[in-house]
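All remarks here apply to the structure that follows.
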2 protein chains.
Amino acid sequence: MFETIAIVGATGAVGGIIRKLLAERKFPHKQIRFLASKRSAGTTIEFAGKTYTVEEMTPEAFRGIDLAIGSTPDPVAKEFVPWAKEAGCVVVDESGFWRMDPTVPLVIPEVNPEAAFTHQGVIASPNCSTTQMVQSLKPLHDAGRVRRVIVSTYQATSGAGVEGQRELIEASRAALDDQAHQAKTFAHSIAFNLIPQIGSHKQDGYTSEEIKMVLETRKILGDESIQVCPTCVRVPVSNCHSESILVETERKITAEEARELFAATPGLKVVDDLANGQYPMPNNCDGDDTTFIGRIREDLSCENGLAFWCVSDNLRKGAATNAVQIAELLTRNAAAV
Amino acid sequence: MFETIAIVGATGAVGGIIRKLLAERKFPHKQIRFLASKRSAGTTIEFAGKTYTVEEMTPEAFRGIDLAIGSTPDPVAKEFVPWAKEAGCVVVDESGFWRMDPTVPLVIPEVNPEAAFTHQGVIASPNCSTTQMVQSLKPLHDAGRVRRVIVSTYQATSGAGVEGQRELIEASRAALDDQAHQAKTFAHSIAFNLIPQIGSHKQDGYTSEEIKMVLETRKILGDESIQVCPTCVRVPVSNCHSESILVETERKITAEEARELFAATPGLKVVDDLANGQYPMPNNCDGDDTTFIGRIREDLSCENGLAFWCVSDNLRKGAATNAVQIAELLTRNAAAV
C-alpha cells in the first residue's frame with residue numbers, strides 16, 4: 001500500500017473524476033493530498049465526505065507523497081514529474097509529455113500490465129483516443145496479428161477539458177439563438193460543426209493527436225511493425241470519443257470470431273445488433289468505464305480486413321479510470337512485496 | 001430546350017433548392033410546373049417572383065411536361081417515373097430507386113457526362129455521400145487508378161430532409177434546457193450524439209447507405225473492380241456531409257500531385273493549410289455548389305495510399321445542384337440537336 005497518495009491537477013475535469021474513482025473504488029491509502037497550479041491553490045475540494053485545501057504544486061510539496069496521479073497539461077508534467085521523482089514519489093502521469101520516453105512504460109492495465117512493473121518512477125497513461133483503440137486491437141492482435149489500422153475519430157469536446165465542454169454548450173446556445181459567439185478553446189466554432197484538426201501540425205500533414213495514435217499504439221502493443229493511418233476530428237459531442245476502425249490482420253478474423261474475441265476481453269463490451277438499431281453511441285456510453293464495440297463486420301475491400309465502431313468515455317477509461325487502474329496494479333504489487 | 005419543365009417533390013428541402021437553382025441559373029424553359037404528393041397539392045409556392053399552385057402528382061399530371069426533376073422518397077419515384085415516361089417526359093431522378101437499374105445512367109456531370117446521353121427516359125443522380133466522394137476519386141482514378149477506398153462519413157441531419165434539420169434543433173434545445181425530447185426522424189437522439197447507422201440493415205453488417213456508396217461508385221466510375229469499405233455515421237450538424245477518405249491507387253500519387261489534380265478538377269476546391277488551421281468544415285461549405293477537399297496527405301500505413309477530408313453541401317451538389325446540372329447537360333444536347 002502507498003501510505004500517502006496525491007492527485008496533481010486535482011481541480012481539472014479528469015482530476016475530478018480521479019477523485020471520484022479513488023473514493024468509489026476505495027483506493028487504499030492513509031493520507032490523501034491535492035495539488036494544483038498556483039491559480040487553484042487555496043481552494044477547497046471534497047473527497048469522501050471531507051473537505052481538503054488544494055496545495056500549490058512545488059518541489060517541496062512532493063515530500064512525503066508515495067504515489068501521485070497526475071492529470072495536467074504537458075508543460076506542467078514536464079516540470080512536476082522530476083520534482084516528484086526527486087522526492088521518492090511514484091507518478092502515474094496522464095499527460096503526453098513522458099509517454100514516448102523509452103524509460104517510461106506506457107500502460108493499459110488490460111493490455112500490457114506487466115510493463116507497469118518496469119517503471120523507474122513514472123508510468124504514463126496513453127492518449128484517450130489511443131486507449132480505446134488499442135484495447136480493441138489487443139484481442140485481434142493476439143489472435144491474428146494486426147498489420148494495419150485505418151481509424152477516423154469522432155472526438156468529444158471534453159477532450160479539451162471543462163472549457164471545451166463549456167464552449168460546446170455556449171456556442172450551441174448562441175447558434176440556436178442566432179447570436180454571435182467567439183471560439184476560444186477551439187480554433188473554430190464547434191457548434192453544429194466539425195473540426196478536422198486535433199492538436200498542432202506535427203509532420204507530413206498529420207496532427208500531433210494523429211501521430212500519438214501511431215506511436216503509442218506500437219509502444220503499448222510492443223510491435224513497431226504495426227502501421228496506423230489516423231484522421232482525428234472534433235465533433236459537437238460533450239463527452240465520449242467514437243472511432244471508425246478498420247483493421248487488417250495477418251490471419252483472417254471473421255466478424256463472428258471478432259465478436260467472440262471482443263466479448264471475452266475484460267474492459268470491452270459488445271453492443272452489436274444493427275437490425276434492431278443497437279450499437280454504441282456517445283450518449284449511452286457516458287459515465288461508464290467500459291469500451292464499447294459495435295458495427296462489427298468484415299471489410300468489403302480486403303480479404304483480411306475487419307471494420308468496427310468503438311466508443312468510450314474519454315474522461316474515464318480514456319484518462320481517469322486507466323490511471324487509477326495503473327495505480328491499483330502498483331498497489332497490488334506493493335502488497336505482494 | 002425543354003418547353004415545359006416540372007419539379008416533382010417541389011415542396012421538400014431539395015425541391016426548394018432545385019427551384020432556387022433553376023431561377024438563379026436561368027434554366028431555359030417556357031413553362032414550369034410544380035408537382036407534389038396529394039398532401040401538399042393546392043399549396044402555393046414562389047418561383048422567380050411569381051406564385052404557383054402545387055399540383056397533385058398523377059399519371060395525367062405529366063402530360064405536356066418535357067422534363068421533370070424529381071426529388072421524392074424511393075417509393076414515390078418508383079410510382080411516378082413510369083407515369084412520366086409514359087407521357088413522354090424525361091426524368092432526372094434524385095431518389096435511390098432507379099440508380100442501379102442497368103438501363104438508367106447514374107450521372108455526375110463533372111465525372112461521367114457522356115453517360116447522360118444514353119438515357120431511356122430516366123437519368124439518376126447519385127446518393128449525396130457518393131457524389132462528393134466520387135468527384136474527388138475521379139482525378140485520382142484517371143491519374144493512378146483507384147483500387148480501394150476506405151471511407152468514414154460524418155453526415156448532416158439535412159440528409160434526412162427538413163424534418164431531420166428541425167429535429168436537430170429541437171433535440172439540441174431540449175438537451176441544453178435539460179428537457180426530455182422524443183426522437184422521431186432519427187432512431188436515437190441526435191442532440192450532441194452520433195448515430196452510426198444511416199438507412200436500414202442491408203447485408204453483411206452494412207447499411208443501405210453504405211452499400212449505395214459501394215455500388216454507385218463502381219457504376220459511375222465504370223469500374224467494377226474498385227473496392228469500397230464505408231462506415232456511415234449521422235452527426236449533429238445541420239447541413240453538409242464530411243468524409244474521411246483513404247484511397248489506394250495502382251500508381252502512387254503523392255500529396256503534392258493529388259493537390260494539383262484536385263485543384264485542376266472542375267467542381268472541386270482545395271482548402272488545405274493545416275499549419276494555419278485551414279481545411280473544409282461544414283459551416284464554411286454550407287450553401288456552396290463546390291466539393292471542398294483538405295487534409296491531403298500520404299497514407300502512413302500503405303505505400304500507395306492517400307488520405308484526405310472532403311466536405312460538400314449535401315442538399316446542393318449532393319442533390320439539387322447535381323440534378324440541375326444533369327438537366328442542363330440535356331438542354332445543351334437538345335439545343336445541339
Side-chain angles (χ1 to χ4, degrees), chain A residues 148-152 154 156 168-169 172-173 176 187-189 191-197 200-201 204-207 210 214 227-231 233 235-238 240 242 244 246 248 255 272 274-277 279-284 294-302 305 307 309 311, chain B residues 148-152 154 156 168-169 172-173 176 187-189 191-197 200-201 204-207 210 214 227-231 233 235-238 240 242 244 246 248 255 272 274-277 279-284 294-302 305 307 309 311:
Chain A
R148 185 183 181 197
V149 184
I150 295 144
V151 54
S152 294
Y154 301 66
L168 173 65
I169 292 173
S172 300
R173 262 195 213 286
L176 289 171
H188 306 278
S189 173
F192 308 106
N193 197 25
L194 306 168
I195 307 174
Q197 175 180 12
S200 55
H201 179 210
D204 305 327
Y206 289 83
T207 64
E210 288 160 355
V214 177
Q227 303 298 319
V228 184
C229 185
T231 302
V233 180
V235 298
V237 162
S238 180
C240 292
S242 305
S244 166
L246 190 138
E248 291 172 27
D272 193 22
L274 178 59
N276 291 303
Y279 25 71
M281 297 181 289
N283 77 355
N284 61 20
R295 295 295 323 271
I296 302 162
R297 62 211 195 273
E298 284 157 48
D299 181 1
L300 293 176
S301 68
C302 162
W309 173 253
V311 184
Chain B
R148 185 183 181 198
V149 183
I150 295 143
V151 54
S152 293
Y154 301 66
L168 174 64
I169 292 173
S172 301
R173 264 195 212 287
L176 290 170
H188 305 279
S189 174
F192 307 105
N193 197 26
L194 306 167
I195 307 174
Q197 174 180 12
S200 54
H201 180 211
D204 305 326
Y206 289 83
T207 65
E210 289 160 354
V214 178
Q227 302 299 319
V228 184
C229 185
T231 302
V233 180
V235 298
V237 163
S238 180
C240 292
S242 305
S244 167
L246 190 139
E248 292 174 24
D272 192 22
L274 178 59
N276 290 301
Y279 25 71
M281 296 180 290
N283 77 355
N284 62 19
R295 296 294 324 271
I296 302 162
R297 61 208 195 276
E298 284 156 49
D299 181 1
L300 294 176
S301 67
C302 160
W309 173 254
V311 184

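In what follows, every chain begins at residue 1, and chains take the letters A, B, ... in the order their sequences are listed. Model, not experiment: these values are computed from the prediction.
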Practice item. Show your reasoning for whether side-chain contact (heavy atoms from CB on, under 4.5 Å) applies to A:Leu176 and B:Ile169. Key: CA-CA 7 Å; A:Leu176 289 171; B:Ile169 292 173; 3.8 Å; yes
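If you measure heavy-atom distances from B:Leu274 to chain A, the contacts under 4.5 Å come from both the backbone and the side chain. Neither the backbone nor the side chain of B:Ala255 comes within contact range of chain A, judged by heavy atoms closer than 4.5 Å. Interface residue B:Val235: only side-chain heavy atoms are found under 4.5 Å from chain A. Of the atoms belonging to B:Val311, not a single heavy atom falls under 4.5 Å from chain A. Using a 4.5 Å cut-off between heavy atoms, B:Pro230 touches chain A through backbone and side chain atoms alike. Contacts between B:Ile150 and chain A at a heavy-atom distance below 4.5 Å involve the side chain alone, from C-beta outward. For a residue to count as touching a neighbouring chain, one of its non-hydrogen atoms must lie under 4.5 Å from one of that chain's; by this rule B:Arg173 touches chain A with backbone and side chain alike.
Scanning both residues, B:Leu194 and A:Met281, for their nearest heavy atoms gives O-CG, 3.2 Å. Scanning all heavy atoms of the two residues, the minimum distance from A:Ser301 to B:Arg148 falls at OG-NE, 2.8 Å. Between A:Gln197 and B:Gly277, the shortest heavy-atom contact is OE1-CA, 3.6 Å.
A donor-acceptor pair is defined here as one N or O able to donate and one able to accept, closer than 3.5 Å; no such pair exists between the side chain of A:Asn283 and the backbone of B:Asn193.
The candidate with the highest count of non-hydrogen atom pairs below 4.5 Å against chain B, out of A:Leu168, A:Val233, A:Asp204, is A:Val233. When each of A:Val237, A:Asp272, A:Val228, A:Ile296 is checked for heavy-atom pairs under 4.5 Å with chain B, A:Val237 comes out on top. Across A:Gly294, A:Cys302, A:Gly305, the residue that shares the most heavy-atom pairs under 4.5 angstrom with chain B is A:Cys302. Contact tally against chain B (heavy-atom pairs below 4.5 Å) for A:Pro196, A:Ser152, A:Pro282: the top residue is A:Pro196. The candidate with the highest count of non-hydrogen atom pairs below 4.5 Å against chain B, out of A:Ser238, A:Ser172, A:Ser200, A:Pro280, is A:Ser172.
Annotation: the span from B:Thr231 atom OG1 to A:Trp309 atom CH2 amounts to 8.5 Å, rounded to 0.5 Å. Here the straight-line distance linking atom CG of A:Asp299 with atom CD of B:Gln227 works out to 8.5 Å at 0.5 Å rounding. Put simply, SG on A:Cys229 and CG on B:Leu246 are 5.0 Å apart, with the number rounded to the nearest 0.5 Å.
In this structure A:Tyr279 satisfies the ring pair (Phe, Tyr, Trp, His ring centres under 6.0 Å) test together with B:His188, sequence neighbours excluded. When the salt bridge (Lys or Arg N to Asp or Glu O under 4.0 Å) test is applied to B:Arg297, no partner is found at least two apart in sequence or on another chain.
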